[in-house]
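Quick notes on the structure that follows.
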Amino acid sequence: MEGRVYPSRLLLLDWYDHYARELPWRENPEPWPVLLSEFILQQTKMEVGLGYWKKMYKRFPTLHEMSISTLEEVMLLWQGCGYYARARNLHKLSVIISSRDPPIIPSDPKELEKLPGIGPYTSAAIASISFEVPIAAVDGNVKRIFSRLNAIEHPNSTDVQEWANISLDENRPGDWNQALMELGAIVCTPRAPKCNSCPVSENCKARFTDDPAKYPASKRRSSTKVNGHALVISSPEGIVLSQRKGSQLGGLWGVPITEDPNGLEALCIDHKIHSPEKVGEIHHAFSHRDFHLQVWKVDVLKGGIRSDSVPISRLDQRILDAAGCGES
DNA sequence: GTCCAGCACC
DNA sequence: GGTGCTGGAC
């Protein structure tokens with residue numbers, strides 16, 4: 001990595017000591033609260049994730065507490081946070097660890113990586129933050145910072161990993177990893193980097209280009225449009241919900257949906273109702289699918305369940321809101 | 001309204 | 001290499 005630009009350890013750690021956000025698991029980085037935070041923050045920004053961390057940690061102050069809880073309860077606390085495989089893996093992990101003797105979270109990155117939901121990034125993050133293991137944790141922030149410091153639009157992951165390994169401060173590996181990520185989260189942000197308040201902008205190559213934000217080049221994902229219908233069947237007892245199967249929103253509960261624009265009639269026949277009233281439209285984008293759903297509602301005399309008794313996704317929450325049934 | 005970021009797993 | 005979900009930035 002001859003000729004590459006590295007962030008100054010002195011400057012970045014000093015900045016981190018001064019400006020890092022105060023987070024509950026940072027005061028005393030015990031393995032369980034740190035692991036919990038890493039699972040939540042895998043695909044969720046801090047402002048949102050912190051709320052989830054607080055209620056999860058309150059309910060599950062130890063890994064053991066989660067292991068003796070049900071997946072259903074974990075899902076209920078996780079609802080709305082997205083990427084529900086994380087919750088399933090977290091619960092599974094807690095059961096695996098508590099069955100061990102001794103029932104403790106391993107400090108060895110290789111051992112951590114064998115656990116469900118823990119990949120190279122999360123393994124390195126937990127090992128360095130909780131156990132001071134000198135290993136570089138490479139996430140999207142680190143990749144972006146590397147890309148900008150060196151003005152490389154398409155960094156390959158091998159180079160980023162090597163750069164992170166070399167730059168790692170082995171005396172404070174946990175703080176170093178967090179300092180890089182913190183910088184990426186609050187200064188070297190994806191859209192509008194705040195170069196003027198960046199502690200390591202002195203020798204940043206992107207800073208002196210027309211548009212620092214163009215590093216790294218973003219990749220687009222194509223998405224397919226899906227036009228369909230959602231059916232809210234409401235009775236005094238509750239809403240008709242069923243547990244979704246398959247990978248998409250699997251395990252969560254939701255209202256009947258068809259992805260066929262002409263499928264409303266079949267949906268009604270399936271559920272033995274007729275003459276639903278159109279109450280709204282929902283636009284909801286998943287990673288590669290753009291849902292446009294007409295929301296229909298019909299009142300029946302009995303059946304259904306209370307929507308606050310089972311975990312549901314944002315999509316279904318918004319469908320229920322559109323139908324005026326969303327006060328859960 | 002539209003774009004975009006994000007890590008593990010298949 | 002494609003897929004999972006959401007909220008916030010624009």
Nearest whole Å is fine: how far is [N] [atom2] from [X] [atom1]?
X	N	atom1	atom2	answer
A/Ile186	B/dA5	CD1	P	19 Å
A/Gln317	C/dG7	CD	P	10 Å
A/Arg244	C/dC5	CZ	C1'	13 Å
A/Arg86	C/dC5	CZ	C1'	8 Å
A/Met181	B/dG6	CE	C1'	13 Å
A/Arg88	C/dG4	CZ	P	11 Å
A/Phe291	C/dG4	CZ	C1'	12 Å
A/Arg314	C/dG7	CZ	C1'	9 Å

My understanding is that only residues two or more places apart in sequence, or in another chain, count here; which of them pass ring pair (Phe, Tyr, Trp, His ring centres under 6.0 Å) with A/Tyr57?
A/Trp53
Sugar-phosphate, base or nothing in reach of A/Ser313, heavy atoms under 4.0 Å
sugar-phosphate
Touch class at under 4.0 angstrom, heavy-atom based, for A/Arg289 against every strand present
nothing
Would you say A/Glu237's side chain and A/Lys302's backbone share a donor-acceptor pair under 3.5 angstrom?
no
For nucleotides 7-10 of chain B, tabulate all protein N/O to nucleotide N/O atom pairs closer than 3.5 Å, reporting atom names and distance.
unit_1 : atom_1 : unit_2   : atom_2 : d
B/dC7  : OP1    : A/Gly140 : N      : 3.1
B/dC7  : OP2    : A/Gly140 : N      : 3.2
B/dC7  : O2     : A/Gln43  : NE2    : 2.8
B/dA8  : OP1    : A/Gly119 : N      : 3.2
B/dA8  : OP1    : A/Thr122 : N      : 2.8
B/dA8  : OP1    : A/Thr122 : OG1    : 2.3
B/dA8  : OP2    : A/Tyr121 : N      : 3.4
B/dA8  : O5'    : A/Gly119 : N      : 3.4
B/dC9  : OP1    : A/Gly117 : N      : 2.3

Give every pair of a protein N or O atom and an N or O atom of nucleotides 2-4 of chain B that lie under 3.5 Å apart, one pair per line with the distance.
unit_1 : atom_1 : unit_2   : atom_2 : d
B/dC3  : O2     : A/Arg191 : NH2    : 3.0
B/dC4  : OP2    : A/Arg220 : NH1    : 3.0
B/dC4  : O4'    : A/Arg191 : NH2    : 2.8

Please name all residues satisfying salt bridge (charged side-chain N to carboxylate O under 4.0 Å, His left out) with [X], sequence neighbours left out, ordered by chain then number.
X	value
A/Glu111	A/Lys114
A/Asp17	A/Arg172
A/Asp316	A/Arg244

Kindly give the heavy-atom pair with the smallest separation between A/Arg86 and A/Cys81, and that separation in Å.
NH2-O, 3.0 Å
Presence of donor-acceptor pair under 3.5 Å, side chain of A/Tyr84 and base of C/dG4:
no
Results of side-chain hydrogen bond (donor to acceptor under 3.5 Å, both in side chains) for A/Gln42 - residues two or more places apart only:
A/Thr122
Only pairs at least two apart or in different chains count here, so list each ring pair (Phe, Tyr, Trp, His ring centres under 6.0 Å) that has a residue in residues 128-152 of chain A.
A/Phe146-A/Trp163
How would you list all residue pairs meeting ring pair (Phe, Tyr, Trp, His ring centres under 6.0 Å) that involve residues 236-279 of chain A, not counting sequence neighbours?
none
On DNA chain C, does the nearest nucleotide to A/Ala192 precede the nearest nucleotide to A/Gly250 from the 5' side, or the other way round? Give the residue.
A/Gly250
